Novice: 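My structure is below; once you've seen it, I'll send some questions.
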There are 2 protein chains.
Amino acid sequence: METRELRYFVAVAEELHFGRAAERLGMAQPPLSRAVRQLERRLGATLFDRNSRGVTLTEAGAVLLREGRAALDAVDAAERRTRRAANGPAGLVLVAKAGASSELLPKLLDAYAAEPGAVPVDVLLCGVGQQEGLLRDGRADVGLLHLPFDSAAGLDVERLTTEGQVAILPAGHPLTGRRTLTMAEVAAIPGMPMPRWPGRDGTYPDGPGPEVRDHAQLLQLIGLGRAAAVLPESCRPMLGPDLATVPVPDAPRVTTVIAWPPHSRSLALAGLIRTATRL
Amino acid sequence: METRELRYFVAVAEELHFGRAAERLGMAQPPLSRAVRQLERRLGATLFDRNSRGVTLTEAGAVLLREGRAALDAVDAAERRTRRAANGPAGLVLVAKAGASSELLPKLLDAYAAEPGAVPVDVLLCGVGQQEGLLRDGRADVGLLHLPFDSAAGLDVERLTTEGQVAILPAGHPLTGRRTLTMAEVAAIPGMPMPRWPGRDGTYPDGPGPEVRDHAQLLQLIGLGRAAAVLPESCRPMLGPDLATVPVPDAPRVTTVIAWPPHSRSLALAGLIRTATRL
DNA sequence: CCGCGTCGATACCTCACGGGTATCGGTGAT
DNA sequence: ATCACCGATACCCGTGAGGTATCGACGCGG
């Protein structure tokens, strides 16, 4: 199977429409139809049900979509990492969620920079749920993830810290007088619904809350009294005076891990991981 | 990057010889040379140092070899799993080291078969260190690994059991009278060196001990008085009367885990994993 | 010092196949 | 009944993958 065929298939599987997929791929529709049919013949598997009026994925097609995306990511990662290895003599790209781990991250970077043999570390801040993709397709070498929010599937990890969560409320809100709150109480505050985070595919679940992409955005909304949220304790130092926190003991505890793609444990990466676990 | 180019590169990188690589690929040498050069141009990276009289990998080439193998495995896995999904309506392939987990494995299979909605499970017994490859390229869906011997890099795992290790000696050997032994003592028994296991690339490290590939082979050698070994406790029930065991408290404890490729958690696989963790 | 063998690169040819345009056939909506 | 939509088919063309023949550089034995 060639990556070209795989890319064609994934495009069609995502669009569920040969014409649009062809447009996205910058080609005409007939050769795309032909290529997909040829792939089906070679695999001996029907990938799409063509119900004249759109297409749908078969079971085998769903498998190939899942596995094929992972394979394409791996190919992209190989290409990117090779390019990087050829140009700069090293350097690491560390990815973290914008606004998270605001204490841990500078500590880690300082501690690592002080190590003998440390290489330059580029920090890549991204939105929620994008880290895994960046790690898997080679745009980043190592990342800070927060379990159970992020999934570490397919990545190697080391535990760093575990912490409880707190509710974030506008200063002066009646509930800020409470010693603790429950998840149910926070979720039920009138007029301040819990925000909705994007899923792994970048789309938002349905619901009443505002759609948020990163922490800055969320904190602003809370300051405006338009939302309430539950976040890890470590976000406290970065809150302005307009926000208050109340512990939420029944919220799941959050584990911060350092994660990296398997089989890519370079010397520099190993040093960074060692530094992180010693903090 | 096309998989074809990647396969060509990997062949040359493994042979370090364009002629032999071309032969292995079933093609002539000139087009292979040209394809590799073109890949280098497209990547903007020199992959080989052509020192007239053989070739050697550059740093970037080493990166691409490592990452490219993983990528090719992922592509193969996608292809294999799609074919399987298209033909049989399911079934799982479970891989285990021949001779290991001899108690756990039948228990797991029986318990799973009794579950509602269980699918047929094919058991694939393999040599030491081959499980990861089989899982990564899609020939197997799930496996039993033994940490820290096997590496679970790039696989999702659930812990099943942890156990200590025992020395395996021929019955009647003077040391069988001891209550415990240390690793050092077992390694130093005259005339009975510790065996050498193959590494991840299938080659054996240098040393005095015999080369072994699976447990049956090893136990036979011990019975002949040609080797001593340290193995997990759970191997005891499968030893014949000609072998004796002595605990080795300072040997690393062995954790048996059930492992599967990430992103491939089918319903059937989830059931098997759930059954395993409940044992 | 000179052939000779080895090995990757180059030159050149051929044809398969990837991609384009034009068009068809089937189906649901109006 | 007609039309719009969408994937499949027919057919053409140019690129490029792969083949053969040969070159150029280097190491080695006589």
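As the structure is a prediction and not an experimental result, all values here were calculated from the model. By convention in this document, chain letters (A, B, ...) are assigned in the order of the sequence lines, proteins followed by strands, and residues within each chain are numbered from 1.
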Novice: Please determine, for the side chain of Arg34(A), which listed nucleotide (dT20(D), dG7(D), dG20(C)) has the closest atom?
Specialist: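 Taking heavy atoms from C-beta onward, the closest nucleotide is dG20(C).
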Novice: On DNA chain D, compare the nucleotides closest to Arg37(A) and Arg4(B); which residue's is nearer the 5' end?
Specialist: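 Its nearest nucleotide lies further toward 5', so the answer is Arg37(A).
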Novice: Could you check whether Gln38(B) gets within reach of a base, just the sugar-phosphate, or nothing at all, counting any heavy atom under 4.0 Å?
Specialist: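 It contacts sugar-phosphate atoms only.
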Novice: If you check the Ala28(B) side chain, which of dA8(D), dT20(D), dA9(C) turns out closest?
Specialist: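 Of the options given, the side chain of Ala28(B) lies nearest dT20(D).
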Novice: Hey, mind stepping through Tyr112(A) and Val119(A) against side chain to side chain contact (heavy atoms under 4.5 Å, CB included) and telling me if it holds?
Specialist: CA-CA 9 Å; Tyr112(A) 176 66; Val119(A) 302; 3.7 Å; yes
Novice: Judged by each residue's nearest nucleotide on DNA chain C, which is more toward the 5′ side, Gln29(B) or Gly26(A)?
Specialist: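 In this pair, the answer is Gln29(B).
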Novice: Could you check how far CD of Glu2(B) sits from P of dG18(D), rounded to whole Å?
Specialist: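 Rounding to the nearest Å, CD of Glu2(B) and P of dG18(D) are 12 Å apart.
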Novice: Output the single nucleotide from dG18(D), dG8(C), dG19(C) whose closest atom is nearest the side chain of His17(B).
Specialist: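 Of the options given, the side chain of His17(B) lies nearest dG8(C).
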Novice: Are Lys97(B) and Asp150(B) within salt-bridge range, i.e. N to O under 4.0 Å?
Specialist: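 Counted as a salt bridge, because a side-chain N and a carboxylate O are separated by less than 4.0 Å.
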Novice: Distance check needed: dG8(C) C1' versus Glu15(B) CD, whole Å only.
Specialist: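 Taking CD of Glu15(B) and C1' of dG8(C), I get 15 Å after rounding.
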Novice: Taking the minimum atom-to-atom distance to the side chain of Met27(A), which one of dG8(C), dG20(C), dT20(D) wins?
Specialist: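 The nucleotide sitting nearest to the side chain is dG20(C).
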Novice: Closest approach to the side chain of Phe18(A), judged atom by atom: which nucleotide of dA21(D), dG20(C), dG7(D) is it?
Specialist: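 The closest nucleotide is dG7(D).
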Novice: Between dA9(C), dG7(D), dA8(D), which one does the side chain of Arg50(B) approach most closely?
Specialist: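 Comparing dA9(C), dG7(D), dA8(D) against the side chain of Arg50(B), the answer is dA9(C).
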Novice: How long is the line joining CG of Leu32(B) and P of dA17(D), in whole Å?
Specialist: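 Checked: the CG to P distance equals 13 Å.
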Novice: Would you mind reading off the distance between Leu25(B) atom CG and dA17(D) atom C1', rounded to a whole angstrom?
Specialist: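 Answer to the nearest Å: 14 Å.
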Novice: Step by step, would you call Leu64(B) with Leu47(B) a side chain to side chain contact (heavy atoms under 4.5 Å, CB included)?
Specialist: CA-CA 8 Å; Leu64(B) 186 58; Leu47(B) 300 171; 3.9 Å; yes
Novice: Which is more 5' along DNA chain C, the nucleotide nearest Pro31(B) or the one nearest Arg20(B)? Just name the residue.
Specialist: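 Counting from the 5' end, the first nearest nucleotide belongs to Arg20(B).
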Novice: Rounding to an integer number of Å, can you tell me how far Phe48(B) CZ sits from dA9(C) C1'?
Specialist: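 Distance check: Phe48(B) CZ to dA9(C) C1' gives 15 Å.
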Novice: Atom CD of Glu23(A) and atom C1' of dG20(C): how far apart are they, to the nearest Å?
Specialist: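 Checked: the CD to C1' distance equals 16 Å.
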Novice: Check the pair Leu72(B) / Arg7(B) against side chain to side chain contact (heavy atoms under 4.5 Å, CB included), numbers first and verdict last.
Specialist: CA-CA 8 Å; Leu72(B) 288 177; Arg7(B) 282 183 220 282; 3.9 Å; yes
Novice: Measuring to OP1 and OP2 of dA9(C), would you say a side-chain N or O of Ser33(B) lies under 4.0 angstrom away?
Specialist: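 Indeed, a polar side-chain atom of Ser33(B) lies that close.
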Novice: Does the side chain of Thr46(B) pick up a donor-acceptor pair with the side chain of Glu40(B) at under 3.5 Å?
Specialist: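 No, because no side-chain N or O of Thr46(B) sits under 3.5 Å from a partner of the opposite role on Glu40(B).
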Novice: Just how far, in rounded Å, is P of dG18(C) from CZ of Phe9(A)?
Specialist: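 It works out to 18 Å between those atoms.
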Novice: So what does Tyr8(A) touch, heavy atoms closer than 4.0 Å: a base, only the sugar-phosphate, or nothing?
Specialist: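 Sugar-phosphate: the residue Tyr8(A), judged by heavy atoms under 4.0 Å, touches backbone atoms but no base.
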